[in-house]
Amino acid sequence: MDEILVRGGKKLSGTVVANGSKNAGLPVLAATLLADGDYLIKNIPNLSDIRTMIKLLKQIGSEVEFTDHELRITTKGIKNFEASYDLVKTMRASIYVLGPLLARQGKARVSFPGGCALGARPIDYHLEALHKLGVTIQIKHGYINAEVNRLKGCEIYFENKTVGATANALMAAVLAEGKTVIENAACEPEITCLADFLNSMGAHIEGHGTEIIIIEGVKELHPADFSLIPDRIEVGTLLVAGAMTRGKVIVKNCIPEHSGIVLNKLRDIGFEVDNAENSITISPGGKKKAIEISTNPHPGFPTDLQPLFAALLSTIEGKSIINENIFSDRFMYISELQRLGADIKLSGNRISINGVSKLSGAPVMAPDIRAAAALVVAALAANGQTKISRVYHLDRGYEYLEQKLASLGADIERIETDALY
Ligand code: UD1
C-alpha cells in the first residue's frame, strides 16, 4: 500500500491540465454493453475505478485496449451477464452494468453492493426503476438476479435525486418498448454526458440536464466514438489545492459552467477566480472570510468537494459551517484533519469549523476517495511533514494527483510499496 509524503508550506503556481471525468466515464463504459461492435472512447482518466470497470467489461466478454487516455472496446458476441462480488466490492459503480445487461440480454446477475465509507448507500431506487420497466428481481446469496423479456416504457419518479439510479434507468429505457419519462431526474453534467453518448449511439433522449428526461425506446443501438467531459471534481480539487497554499494556479481542460457554485464559494471566501472558455484561474485575492456551504444535487454544491472545502475552511479565520445533505455520514475524515490541527465540530449532518492560523503535519490515514484528496491538500498548507496512508483511496479517483501537484511546485512524493517493505 503506497503512502504519500508531503512537506507543506510551498506555494503552488503554474498551469495544470484536468483529466476526463471518472463519474462520466463509468456509466459511459457500462453503456458500451448496449450495442455490438467497436467503440473508441477518448479523454479517459487512467485511475483505478476506470480500470475496475474495464476488468468488469472484460469479465462480461468485451475486448478492451487502454492506451494514452483512449479506450478501444469491442463488444461483439457477449454472452456473460454477471458482475462478481470481487469487483463490485471494490467499486459500487459496478451496479451500472445492471441496466445495460437487462436491456441487451434480458438478464443480469450483479453482486449486491454493501455499505461504504459514506454510509449505508442503498440501491432501492435503481431496483424500483428497473421493476417499473418490467424487470423481475430476486436477491439471493448476496446477488441481484434480474430478468425481463422486453423492457416496457413507463413513468419513473425518483423520491430523491439520484445520479446512479437515473443513469441505470436511462441505460435500460433506451432499448425499452415505448416511451419512458423519468421525473425528478438527476441533472448532473455526468448524466447529460451519458445521455449525449446514448444519443450518439442512436437513442432518442430529450430533456437530459433537466429534472424531466423523456426517452423514446428504440429497437437497437449502434456503437459510437465519444469523448468524455472534463472531471469537475478533479478541477475543484486542483483549485482548492491552489487556494490552500494561496498560490496562483490555472486549471486547463475544464468547463467552467460545470463548476459554477464551487467557483462562487471560492470567491465568497475571498479568492480571485477568473474563468476563460476552457480554463479557470485561482489567485490569492484579498481578505478572507468564513462561509456556509450546503451540499445539494447539481447545480447545488457537490458533496464530493465537501471534504476538500472542509480542509480549506480549516485555514480561514472565523467560523464556517458545512451542511451535508447527500451522504449524512460523509465526515469520516474529520478526525484525520483534526490530527493536522483543524478545529472541527460535528453535530448531526453539520460541521462547524473554526479556522486556525496554521495546520501542522502528522501521519494520517485516508478513509475514502475525496477525503484522501482533502488530506493531501491540507498537508500542502501544514507546517512540516505529513504522511498519508491508504493512498489506494486517492488512486481510485485521481490520476497521479501527486505528480500534478509536484508540477505546480508542491514538495510531495509517493512512497511505493517496494520502498516500504
Ligand atoms: C454518485 C457519484 C458520487 C457522488 C454522488 C452524489 C458516481 C460513480 N458516484 O454516486 O461520487 O458523491 O453521485 O453526487 O458517479 N440513494 C438511495 N437509494 C438509491 C440510490 C441512492 O437512497 O437507490 C441515496 C444515496 O444514499 C444518497 C442519495 O440518494 O443519499 C444520492 O445518491 P446518488 O446520487 O445515487 O449517488 P451515487 O450515484 O451512488
Side-chain angles (χ1 to χ4, degrees), residues 20-31 45 47-50 52-53 56 87-88 90-99 110 112-132 137 139 144 156-172 182 184-194 211 228-229 231-237 258-259 261-262 294-309 323-333 349 368-374 393-394 396-398:
S21 163
K22 165 178 94 74
N23 287 353
L26 295 173
V28 161
L29 293 192
L47 42 83
S48 71
D49 271 12
I50 291 287
T52 302
M53 183 55 89
L56 180 49
L87 290 179
V88 180
T90 60
M91 187 185 70
R92 296 175 52 82
S94 310
I95 191 84
Y96 278 145
V97 298
L98 191 54
V110 176
F112 198 95
C116 75
L118 311 187
R121 291 185 83 177
I123 53 158
D124 51 334
Y125 298 152
H126 297 245
L127 301 186
E128 278 164 25
L130 293 170
H131 180 66
K132 281 213 152 173
I137 296 166
I139 295 164
I144 303 157
I156 296 167
Y157 173 81
F158 288 120
E159 211 172 294
N160 291 306
K161 287 227 167 65
T162 154
V163 176
T166 300
N168 240 332
L170 251 182
M171 291 187 280
I182 306 177
N184 203 25
C187 305
E188 268 67 6
E190 293 75 19
I191 292 292
T192 305
C193 180
L194 171 65
E211 291 181 356
L228 295 181
I229 55 170
D231 194 319
R232 65 194 168 101
I233 305 302
E234 191 200 15
V235 170
T237 301
H258 290 174
S259 301
I261 193 168
V262 173
S294 297
T295 66
N296 277 307
H298 192 77
F301 190 91
T303 172
D304 286 352
L305 289 176
Q306 181 262 101
L308 276 300
F309 270 69
N323 303 297
E324 172 54 63
N325 295 320
I326 309 289
F327 297 111
S328 51
D329 287 345
R330 192 169 203 166
F331 290 118
M332 299 268 284
Y333 63 86
N349 70 333
D368 65 72
I369 304 179
R370 307 303 168 185
H393 285 300
L394 187 76
R396 286 189 53 193
Y398 294 89

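Note that ligands are numbered from 1 as they come in the structure, with each ligand's atoms numbered from 1 the same way. Please read all numbers here as calculations on a predicted model, not as lab measurements. Sequence positions, counted from 1, serve as the residue numbers for this chain.
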Which atom of [X] lies closest to which atom of [Y], heavy atoms considered:
| X | Y | answer |
| --- | --- | --- |
| Y96 | M53 | CB-CE, 4.2 Å |
| R232 | H298 | NH1-ND1, 3.8 Å |
| H258 | I229 | CE1-CD1, 4.1 Å |
| I182 | L170 | CD1-N, 4.1 Å |
| K161 | C187 | CE-SG, 4.2 Å |
| I369 | Y398 | CG2-CE1, 3.9 Å |

Does [X] come within less than 4.0 angstrom of ligand 1, counting non-hydrogen atoms of the residue?
| X | answer |
| --- | --- |
| R330 | yes |
| H126 | yes |
| N160 | no |

>> Just to be sure I read this right, does ligand 1 sit under 4.0 Å from the backbone of D124, its side chain, both, or neither, counting only heavy atoms?
In response: both
> Of the backbone atoms (N, CA, C, O) and the side-chain heavy atoms from C-beta on, which set of K161 has a member under 4.0 Å from an atom of ligand 1: side chain, backbone, both, or neither?
Replying inline: backbone
[atom] - nearest protein heavy atom and its distance:
| atom | value |
| --- | --- |
| atom 9 (N) of ligand 1 | N23 ND2, 3.7 Å |
| atom 17 (C) of ligand 1 | Y125 CE1, 3.3 Å |
| atom 25 (C) of ligand 1 | F327 CE2, 3.8 Å |
| atom 37 (P) of ligand 1 | R121 NH2, 3.6 Å |

Which atoms of ligand 1 sit under 4.0 Å from any heavy atom of [X]?
| X | answer |
| --- | --- |
| T303 | 6 (C), 12 (O), 14 (O) |
| I326 | 27 (C), 30 (O), 31 (C) |
| G164 | 35 (O), 38 (O) |

> Charged N to carboxylate O under 4.0 angstrom, R92 versus D49?
Replying inline: no
Validation: residues 21-30 side-chain donor-acceptor distances under 3.5 Å, sequence neighbours left out:
residue: S21; atom: OG; partner: N23; partner atom: N; Å: 3.3
residue: S21; atom: OG; partner: A24; partner atom: N; Å: 2.9

>> Heavy atoms only: which of T162, V163, L194 lies closest to atom 13 (O) of ligand 1?
In response: V163
> Out of I369, D304, L305, I123, whose heavy atom sits nearest atom 12 (O) of ligand 1?
Replying inline: D304
> Do N168 and Y125 get their side chains close enough for a donor-acceptor pair, meaning under 3.5 Å?
Replying inline: no
>> Pairs of nitrogen or oxygen atoms closer than 3.5 Å, one from P122 and one from ligand 1: do any exist?
In response: yes
>> To the closest 0.5 Å, what do you measure between OG1 (T237) and CG (D231)?
In response: 7.5 Å
